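Have a look at the structure below before the remarks.
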Protein chains: 2
Amino acid sequence: MLDPVSRVRRFNRAVTSAVGALDTSFLGRGRPLGAARVLNAIGHGRADVGDIRDYLGLDSGLMSRLLRTLEDEGLIETTVHGGDARRRIARLTAAGRREFNAYEALSNQQARDFLARNAQRDALLAAMDMIASALGRESTALTEMDPRSDEARYCLGEYYAELARRFKQGFDVKLSRDPDAKDMVRPRGSFIVAMSDGLPVGCVGLKGSGSELAEIKRLWVAPSARGLGLGRRLIDAAESAARELGIAVLRLDTNSALAEAGQLYRKSGWTEIPRFNDDPYPDLFFEKRL
Amino acid sequence: MLDPVSRVRRFNRAVTSAVGALDTSFLGRGRPLGAARVLNAIGHGRADVGDIRDYLGLDSGLMSRLLRTLEDEGLIETTVHGGDARRRIARLTAAGRREFNAYEALSNQQARDFLARNAQRDALLAAMDMIASALGRESTALTEMDPRSDEARYCLGEYYAELARRFKQGFDVKLSRDPDAKDMVRPRGSFIVAMSDGLPVGCVGLKGSGSELAEIKRLWVAPSARGLGLGRRLIDAAESAARELGIAVLRLDTNSALAEAGQLYRKSGWTEIPRFNDDPYPDLFFEKRL
DNA sequence: GCATATATCTGACTTTAGTCAGATATTGTC
DNA sequence: GACAATATCTGACTAAAGTCAGATATATGC
C-alpha cells in the first residue's frame, strides 16, 4: 500500500475520473467532444489547421470534417494562409467566441469549485504546479524575453522573495547591484524565461557590458519545477546566448546559502574565483571561459 | 498568469494528456478501451456484473455485450451468483489473467517511468497523494479494522513519527500509555481507518474499558488528506461506534503542540477537563458525554 | 519547367460507443 | 400463488470516431 508505483497509480485513477467529469460537462453543450476540442483549440489561439491537427492527434480527413461542422454552425471562419496557399487558418466568429467563452466558463467553474471544496488551497495549488511541471517537462520552453515583461517581472519577484527567505540577513534588491534592463537585452545581453504551458517557471539573465566579459544574473527555478534539470538548461541557454553575442568570459556571484546553485555551477564547468565586486549579498564567485 | 483558476487549469491540461497517453498505450494491446476497462475491473477483484456496470457507468446492454466479447476471447468466465440466480459473477480465466497482467505491466511501467524521470521523487509522491485525496474526498471510506492489520499499523507508524517530529522532547511510544489492541476491538472498543482508493489516510481508536467510560486514542490524518474535514468525520465515526457499544462518557488526552486537534475537539462539542492520567506526553484533556 | 512533396479535402468505408424497448428468468412481498 | 421489482440479455437502432485511398491545389528543389 506504500510503494511508489501504487501511489502514482492511485493518483492516475483519481485524476482520470476528474478529467472524465469535465468531458461530461462539455457534452452538456450539445456538441460532440471532437468538435468541442477543435473549437477550444482555436479559441486558445491555435489558428493553423495543421497545427491543430497535430495538437489534437487527428486524422486529416476527420479534422477537415470537424472544421466544416463548426463552419456550418457559424462558429469559425477559415481563410488561406498568407505565405502558403495550401495551408488554412481558422478563427472564431463572434458567435464562436461566445460559444468558446461558454466552454471557458465551464472549465473555470470546475476549477473554482475544486478550490472552494478544499481548505488547503495554497498547498494544493503548489502540488498541482509541481505535478504539471513534472508532466510537462519536455514541453518547458526557454524563450528570450524582455526583462521588463510581465513574465520576467513575475520571476524576478519570486526570486527576490526567495532570497529574502533564505538569507539570514534578508534581501533588499536596492542594496544589491541590480542590473540595468538594457544590459540584459540584445545586443548587450539577454534574458531568458522558462515557460511551462503558460506559467513562468524559471529565468536567467545575461548581463553584458559591451566588452567580451559578461555576467550571469538572476538564475531562478520555481520550487514546483525543481529536480527537473531546468537550472542546467537555463545556464546552458545563457551560455549559448553569450557565445552568439561574442562573449569570451562569463562571471557570476552567488551565496553559499544557495547550496544547490553552487553545486550546479561546479557541475557545469565553472571555477571558483576571488570576489570581483562589493555587492553585500554574495560570498561565492565563479568564472567560465567559453 | 498567477491566478488560482489558471493554475488548476494548467494542471488539468497536463494531466489530460498524460491520461490520454495511458489510454493510447492500452489500445496498443489491440482491444477497444471499453473491453479493456471491463477486463481490468474484473482483474482488480470486481466480480459482480452489476457492480462493474455501476463502477464503469455502462448501460446494461453495452455491459452485456462487452462481457460476451471477453468471454468469446476466452479471457473471462461467468457463473451465476450463489445466493441470487439473477446476478452473474465474472472471473478471469488463466488466459485472462495473463492479459490482465500485461495491462498491469503497462500501467506500472508508465508509473515507474514517470518516477524515474523526476529527481524530486518524494515531493512528487506527496503532491500526488494530496491531489488524489482531494479529488477522491467523497469516496474516502471509513472502515472498522483490526488495530493489528497492515493498514492500521501503517497509520499508527505515521502517527508516532509525526509526534516525534512535533514534540520538542520527541516521542517514544514505550513511554506512553499504548492501548492494548484488544481494548480497541469489539466488543470493548473499535479502530477505524479512513481508506481513500486503497491508501490509508487516517485513523482513530476507541479504547474501551468494559465500563460506560471509553477513550479516544490515535486520531491521525495523513498530511496529504488534511483540510478535507476528515478529522471531523473520524471523530464522528468513533462517537457513533461508542454509542453503539453503550458508552456514555468519552475522554481523550492530547498535546497543545497539536493545535489543530485541540480546535477540532472544541468545535465538536468536547469540553476541557483536568488531567486524568500520568502519561508524560499529553498536557490537554477533554471529555464528552454522549 | 517538371518532378516531387505538402496541405487539405472528399467519398466510402469500419469500429466503437451508446441508447432503448422489450424478453427472460429470478426474487421478494403480500 | 399472484404480482411487482430486479438482473441480465437480445435485437434494432444512432451517433461519434477513426481509417484509407485518392483528388486537388500549391510549394519547393533541381
Side-chain angles (χ1 to χ4, degrees), chain A residues 16-17 19-42 46-73 75-91, chain B residues 16 19-21 23-42 46-73 75-91:
Chain A
T16 301
S17 66
V19 165
L22 184 59
D23 282 356
T24 307
S25 87
F26 266 31
L27 285 173
R29 294 204 60 76
R31 192 171 287 108
L33 273 178
R37 295 208 304 154
V38 172
L39 182 70
N40 279 300
I42 298 169
R46 288 180 197 269
D48 195 291
V49 168
D51 176 39
I52 299 169
R53 209 172 48 218
D54 289 348
Y55 174 66
L56 298 177
L58 298 174
D59 172 87
S60 69
L62 183 50
M63 178 72 204
S64 181
R65 265 176 274 266
L66 290 172
L67 269 185
R68 190 115 61 99
T69 310
L70 292 170
E71 219 164 11
D72 291 350
E73 279 191 88
L75 301 176
I76 64 164
E77 293 171 333
T78 57
T79 49
V80 288
H81 185 280
D84 181 346
R86 290 169 306 182
R87 291 156 69 189
R88 316 214 86 202
I89 297 298
R91 68 155 181 283
Chain B
T16 301
V19 165
D23 282 355
T24 307
S25 87
F26 267 32
L27 286 172
R29 293 204 61 76
R31 193 169 287 107
L33 273 178
R37 295 209 303 155
V38 172
L39 182 70
N40 280 300
I42 298 170
R46 287 180 197 269
D48 195 289
V49 168
D51 175 40
I52 299 170
R53 210 172 47 217
D54 289 349
Y55 174 66
L56 298 176
L58 299 175
D59 172 86
S60 69
L62 183 49
M63 177 73 203
S64 180
R65 266 175 272 265
L66 289 173
L67 270 186
R68 189 115 60 99
T69 311
L70 293 170
E71 219 164 9
D72 290 350
E73 279 192 88
L75 301 177
I76 64 165
E77 293 170 333
T78 58
T79 49
V80 288
H81 184 279
D84 182 343
R86 289 169 305 181
R87 290 157 70 191
R88 316 214 85 203
I89 297 298
R91 70 156 180 283

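Letters A, B, ... are given to chains in the order of the sequence lines, protein chains preceding strands, and every chain is numbered from 1. Computed from a prediction, not measured in an experiment: that's the story for all the values here.
Of all the heavy atoms in B:Ile52 and B:Ala47, the pair that sits closest is CD1-O, 4.1 Å. Minimum heavy-atom separation, A:Val38 to A:Met63: CG1-CE, 4.1 Å. The shortest non-hydrogen separation linking B:Ala41 to B:Leu56 is CB-CD1, 4.5 Å. Heavy-atom minimum distance, A:Ile42 versus A:Arg91: CG2-CA, 3.8 Å. The shortest heavy-atom contact between A:Ala35 and A:Leu70 is O-CD1, 3.8 Å.
If A:Gly61 and B:Arg88 are placed on DNA chain D by their nearest nucleotide, the residue sitting closer to the 5' end is B:Arg88. Nearest-nucleotide mapping onto DNA chain C: of A:Ser64 and B:Ala35, the residue sitting toward the 5' end is A:Ser64. Between A:Pro32 and B:Leu67, the residue whose closest nucleotide on DNA chain D is further toward the 5' end is B:Leu67.
Protein chain B contacts DNA chain D from D:dA5 to D:dA12, reading 5' to 3' and using non-hydrogen atoms of the protein with a distance under 4.0 Å.
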Between the protein and nucleotides 28-30 of chain C, list the N/O to N/O atom pairs that are separated by less than 3.5 angstrom.
none

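At a threshold of 4.0 angstrom between heavy atoms, the contacts of A:Arg65 include nucleobase atoms, whether or not backbone atoms are also involved.
Using a distance-only test at 3.5 Å, with no hydrogens or angles considered, no donor-acceptor pair links the side chain of B:Ser64 to the main chain of B:Ser60.
Atoms CG (B:Leu66) and P (C:dT15) sit 16 Å apart, rounded to a whole Å. Here C:dG18 presents its C1' atom at 16 Å from CG of A:Asp23, a figure rounded to the nearest Å. What separates CG of B:Leu56 from C1' of C:dA17 is a distance of 13 Å, to the nearest Å.
For the pair B:Arg31 and B:Phe26, the cation-pi criterion (under 6.0 Å, within 45° of the ring axis) is not fulfilled.
Looking at A:Leu67 and A:Val49, their side chains come closer than 4.5 Å, going by heavy atoms from C-beta outward.
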